[in-house]
Amino acid sequence: MNPAPASRAWLVWGAGVAVYLLAVFNRSSLAVAGLIATDRFHISAGQLATFAMLQLLVYAGMQIPVGLMVDRFGSRTVLIGGLLVMSAAQTGFALATTYPEALVARVFVGMGDAMTFICVLRLVSAWFPLRRIPLVTQLTGNVGQLGALFAAVPMTWALSHLGWHAAYLIAAGAGPVLLVPLLLFLRDTPGSRNHRGTALSLPDLGRNLRAAWDQPGTRLGFWVHFTTPFSATVLALLWGYPFFVEGEHLSDGAAGSLLSLIVVANIVAGPVLGWLVGRHPWHRSSLALCIVAAIVASWTVVLLWPGHAPYWLLAITVFVAGCGGPGSMIGFDVGRTSNPGHRLASASGIINVAGFVAALITIVAVGFILDWRTPGGGTTYTDSAFHWAMSFQYLVWGLGTVMILRQRRVIRAQVKRAAVDSGDSMVRAAI
């Protein structure tokens, strides 16, 4: 790949990452409108939770199809399509008057959201020199997380001062505004405005996915993404607030401030991890395992603490768990260096599924365990019930860690065989 002029590369990246930021904003916008939504659509708390669960399921389920679409049609086309879908879906959500209408709209918000991140990753690989890709990948995640902050502050203000219709119509209107720089500046590669892959039949698509999965680097990236970010996702998406308020007896404000540390962790840890991955590409899986170990250790101290854990300890735990988000980007970097360009997005789609599958499994399991450990089947959960429920995470961490070590052994064995075959006596400890 011939390096593009730095200014042009950053311009292309900026146009793409702005759409990803909007996608995270749209994804998070319902979190601050929960109480209003329950009144507007006359729904229960369980029905409200269905919004988040369904949107996450759609996002995860779309990752592999989106990866195939990007490999076939290029980032520019798919990103524009995702932006249009999101804008139309947010408009529908703004105008919805019944729960089924709102549910359908959020499904399409999830679909449009799913069509953004992989596109930007593909643009980063096409436009930046190899040594800079890990850092720009981390910056992509960081900028995207700002969308959650924008949803928490400006969206809250808009809902309270402008009302439901205006707030969500303004959010929908951001899509056409961002469409302009996409059309003007975005190119799939420095040499091509619209890069098209080979048209594939359904059997060929299946073979392409199998080829991506057969790469041990894709599988290693999958399990890195499975293991590192799910704890923070579980806290941010559903169970963090109840755990801190009912399980640790914090105030509403204190619980909210703890959850905001997840975004702070992303912003702080992202550039550091990007620099480390760029400097030490042969030790990426070791870095991921260190992050997992830190998350496990901090949760262990919280769950074993006699009585209620102090605020400072909970803050450390949330911050460390939040570092799992940037840690999950290591999985994409491993997948990038393990696959040829024509199936890079397919591999990224496979990897991106993992963290959301782990989060969904944990979210559901935590709910079941809370019900199991709560006398009489009520909704007033005890401290003990929460400790039992949050301990389910150890099963996910354990499975992920075992699979990371297993896939790493496979890759190292391949590297050693290749070094022996080539007569290179300097065998390095590959990832």
Side-chain angles (χ1 to χ4, degrees), residues 60 63-64 67 121 133-134 137-138 141 209-234 265-266 269-270 272-274 276-300 320-339 344 346-362 365 391-418 427-431:
Q63 289 309 299
I64 292 176
L121 288 185
I133 289 175
T137 299
Q138 291 289 352
L209 282 176
R210 284 195 297 273
W213 180 252
D214 285 343
Q215 282 288 341
T218 303
R219 298 197 297 271
L220 177 58
F222 177 94
W223 290 108
V224 167
H225 199 275
F226 181 90
T227 315
T228 48
F230 79 90
S231 184
T233 304
V234 169
N266 274 265
V272 175
L273 290 176
L276 287 172
V277 169
R279 288 292 301 271
H280 305 286
W282 295 96
H283 300 287
R284 289 173 291 183
S285 63
S286 296
L287 183 57
L289 288 171
C290 287
I291 294 169
V292 174
I295 297 172
V296 172
S298 59
W299 265 109
T300 300
V320 173
C323 293
S328 70
M329 298 295 178
I330 296 172
F332 293 110
D333 198 65
V334 174
R336 174 185 63 83
T337 56
S338 304
N339 286 275
L344 178 59
S346 298
S348 297
I350 292 172
I351 292 167
N352 206 24
V353 169
F356 295 98
V357 169
L360 280 170
I361 291 172
T362 307
S391 296
F392 179 84
Q393 295 179 102
Y394 290 96
L395 296 179
V396 184
W397 287 317
L399 172 62
T401 300
V402 168
M403 297 306 295
I404 290 172
L405 293 172
R406 180 179 178 183
Q407 296 304 322
R408 185 169 73 170
R409 283 198 300 270
V410 172
I411 294 176
R412 288 183 172 179
Q414 286 185 344
V415 171
K416 183 175 292 188
R417 285 196 301 270
V427 178
R428 304 181 72 177
I431 60 179

Is the backbone N or O of [Y] less than 3.5 Å from a side-chain atom of [X], with the two atoms forming a donor-acceptor pair by type?
X	Y	result
Arg284	Asp333	yes
Ser328	Gly325	yes
Gln138	Pro326	yes
Thr227	Val224	no
Thr218	Asp214	no
Asn339	Gly335	yes

Can you check whether [X] reaches [Y] side chain to side chain, under 4.5 Å on heavy atoms?
X	Y	answer
Leu273	Ile291	yes
Trp223	Leu399	yes
Ile361	Phe230	no
Trp299	Gln393	yes
Thr233	Thr362	no

Does a donor on one side chain sit under 3.5 Å from an acceptor on the other, for Thr137 and Arg336? no

Among side-chain atoms of Ser338 and Gln215, is any donor-acceptor pair under 3.5 angstrom? no

From [X] atom [atom1] to [Y] atom [atom2], the distance as rounded to the nearest 0.5 Å:
X	Y	atom1	atom2	result
Leu405	Ser286	CG	OG	9.0 Å
Leu287	Leu276	CG	CG	6.0 Å
Phe226	Ile404	CZ	CD1	10.0 Å
Ile350	His225	CD1	NE2	13.0 Å
Leu220	Arg406	CG	CZ	12.5 Å

Measure across [X] and [Y] and return the closest heavy-atom pair with its distance rounded to 0.1 Å.
X	Y	result
Ile411	Pro216	CG1-CB, 3.5 Å
Ile64	Val353	CG1-CG2, 4.2 Å
Ala321	Ala232	O-CB, 3.5 Å
Pro229	Gly355	CG-CA, 4.2 Å

Can you classify the ring geometry of Phe222 versus Trp213 as parallel (below 30°), tilted (30 to 60°) or perpendicular (above 60°)? perpendicular

